[in-house]
Amino acid sequence: MATLLGQASGGWTESSSALEVLHAGIFNSTGVLTDDSFTQNNPPLISVGITNQVDQTLNGVLSGSVAFARGDAGGGANFIGGPIAPAVTARPIGVFLNNANGNAFENTPGTASGKNTYMSSQGTYANRLFEDKNIATAAILTYACADFLFASRNGYLTNVVADNNRMEQIATGITTIGLLKMPPDSTQNFLVYDQRI
């Protein structure tokens, strides 16, 4: 498989962010984080077929996870966060750029401000946080160029269309997060995609 041109020897794997902005959409910080954006476990909802791409020791929404408009919080006005059940109270609006709780030895603007930047309105990204297994069966997932990407029930990217894997159900409508351009392989552990929301 082809790799991204122009990578340095370490690529961007030393970064503390799972989401690498290749061509920016909109850096969006409109909305206040829900309280559980700082406390959710990872993975937050489904613990079958846990992806190897997630650091389970971290709490709160993570860089590279899907940002949801959360109608269940604060009277439903202007709150964003991670996934919640039932999904009818949450809709994908972008992908978080940073961890809500920050990282060791870094400033923590999310906890200070109650906000976390998410990428919305198109752009091209490389993302190291995605489902590498079917979260209903634990079967290994294979990604291919031109796959559509959706929000899994854990709020990570997935190409599985089945209701038991996706945050949104067919009956309530499905939001396509992005179109995959470059799948992960043995030399690069990230999805490169054009975002659609």
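What you see below is based on every heavy atom in this structure, not just the backbone, and it leaves out hydrogens, waters and symmetry mates. Along the sequence shown, residues carry numbers from 1.
Grouping Ile, Leu, Val, Met, Phe, Trp and Tyr by side-chain contacts under 4.5 Å, direct or through others, puts Val48 with Leu45, Ile46, Ile135.
For Ser186, the side-chain hydrogen bond (donor to acceptor under 3.5 Å, both in side chains) criterion is met by no residue, not counting sequence neighbours. Residues satisfying the side chain to side chain contact (heavy atoms under 4.5 Å, CB included) test with Ser63, not counting sequence neighbours, are Ser17, Ala18, Leu19, Asn99. Residues that satisfy the side-chain hydrogen bond (donor to acceptor under 3.5 Å, both in side chains) test with Asn154, not counting sequence neighbours, are absent from this structure. Here Asp36 pairs with Arg70 under the salt bridge (charged side-chain N to carboxylate O under 4.0 Å, His left out) rule; sequence neighbours left out. Residues passing the side chain to side chain contact (heavy atoms under 4.5 Å, CB included) test with Asn41 are Asn59, sequence neighbours excluded. For the side-chain hydrogen bond (donor to acceptor under 3.5 Å, both in side chains) test, residues two or more places apart in sequence or in another chain that qualify with Thr30 are Asn28. Qualifying side-chain hydrogen bond (donor to acceptor under 3.5 Å, both in side chains) partners for Asp55, counting only residues two or more places apart in sequence or in other chains: Thr57.
Separating the NE2 atom in His23 from the CD atom in Gln122 is a distance of 13.5 Å, to the nearest 0.5 Å. Put simply, CG on Asn164 and CD on Gln169 are 8.5 Å apart, with the number rounded to the nearest 0.5 Å. Between Asp35 atom CG and Gln40 atom CD the span is 12.5 Å, to the nearest 0.5 Å. Between the OG1 atom in Thr142 and the CD1 atom in Ile140 there is a gap of 8.5 Å [rounded to 0.5 Å]. Rounded to the nearest 0.5 Å, atoms CG (Leu149) and CD (Glu131) are 11.5 Å apart. Atoms CD1 and OG, on Ile80 and Ser37 in that order, are 7.0 Å from each other to the nearest 0.5 Å.
Side-chain contact between Ile93 and Ser120 is absent, with no heavy atoms from C-beta onward closer than 4.5 Å. Taking 4.5 Å as the limit, some side-chain heavy atom of Tyr125 sits within range of a side-chain heavy atom of Val21. With a 4.5 Å cut-off on side-chain heavy atoms, Asp147 and Pro183 do not count as touching. The closest side-chain heavy-atom distance from Leu62 to Phe96 is not below 4.5 Å. At least one side-chain heavy atom of Leu141 sits less than 4.5 Å from a side-chain heavy atom of Asn159. For the pair Gln188/Met182, a side-chain contact is recorded, criterion being any heavy-atom separation below 4.5 Å from C-beta on.
When atom types are taken as modelled, the side chain of Asp72 and the backbone of Ala90 share no donor-acceptor pair closer than 3.5 angstrom. Checked by atom type and distance alone, the side chain of Asn116 never pairs as donor or acceptor with a backbone atom of Leu97 at under 3.5 Å. Arg166 places a side-chain N or O within donor-acceptor distance of the main-chain N or O of Val161, the cut-off being under 3.5 Å. Remark: the backbone N or O of Ala139 is paired with a side-chain donor or acceptor of Thr137 at under 3.5 angstrom. Using a distance-only test at 3.5 Å, with no hydrogens or angles considered, a donor-acceptor pair links the side chain of Lys115 to the main chain of Ser29. In this structure, the side chain of Asn165 does not engage the main chain of Asn134 through any donor-acceptor pair within 3.5 Å.
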field: Intermediate values then yes/no, side chain to side chain contact (heavy atoms under 4.5 Å, CB included), Leu157 and Asn127
entry: CA-CA 9 Å; Leu157 296 178; Asn127 194 333; 3.6 Å; yes
message: With side chain to side chain contact (heavy atoms under 4.5 Å, CB included) as the criterion, how do Lys133 and Asn52 come out once you've worked through the C-alpha distance, each side chain's angles and the decisive distance to 0.1 Å?
response: CA-CA 9 Å; Lys133 299 175 190 72; Asn52 292 324; 3.5 Å; yes
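Both Phe27 and Val95 are assigned to one and the same hydrophobic cluster, defined by single-linkage of ILVMFWY side chains at heavy-atom distances under 4.5 Å.
When every heavy atom of Val61 is checked against every heavy atom of Gly82, the shortest pair comes out as CG1-N, 3.5 Å. Shortest non-hydrogen contact noted between Ala151 and Thr158 is C-CG2, 4.3 Å. The two residues Ala100 and Phe38 have their closest heavy-atom pair at O-CE2, 3.7 Å.
Pairs of residues two or more places apart, or lying in two chains, never qualify as salt bridge (Lys or Arg N to Asp or Glu O under 4.0 Å) while including a residue from residues 39-48. Each ring-ring contact (aromatic ring centres under 6.0 Å, His included) pair with one or both residues in residues 126-158, not counting sequence neighbours, appears once here: Phe130-Tyr143. Counting only residues at least two apart or on different chains, the salt bridge (Lys or Arg N to Asp or Glu O under 4.0 Å) pairs with a member in residues 91-101 are Arg91-Glu168.
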Check: residues 189-197 side-chain donor-acceptor pairs under 3.5 Å, at least two apart:
| residue | atom | partner | partner atom | Å |
| --- | --- | --- | --- | --- |
| Asn189 | OD1 | Gln53 | NE2 | 3.3 |
| Asp194 | OD1 | Thr124 | OG1 | 2.7 |
| Asp194 | OD1 | Lys181 | NZ | 3.4 |
| Gln195 | NE2 | Met119 | O | 2.8 |
| Gln195 | NE2 | Ile197 | O | 3.1 |

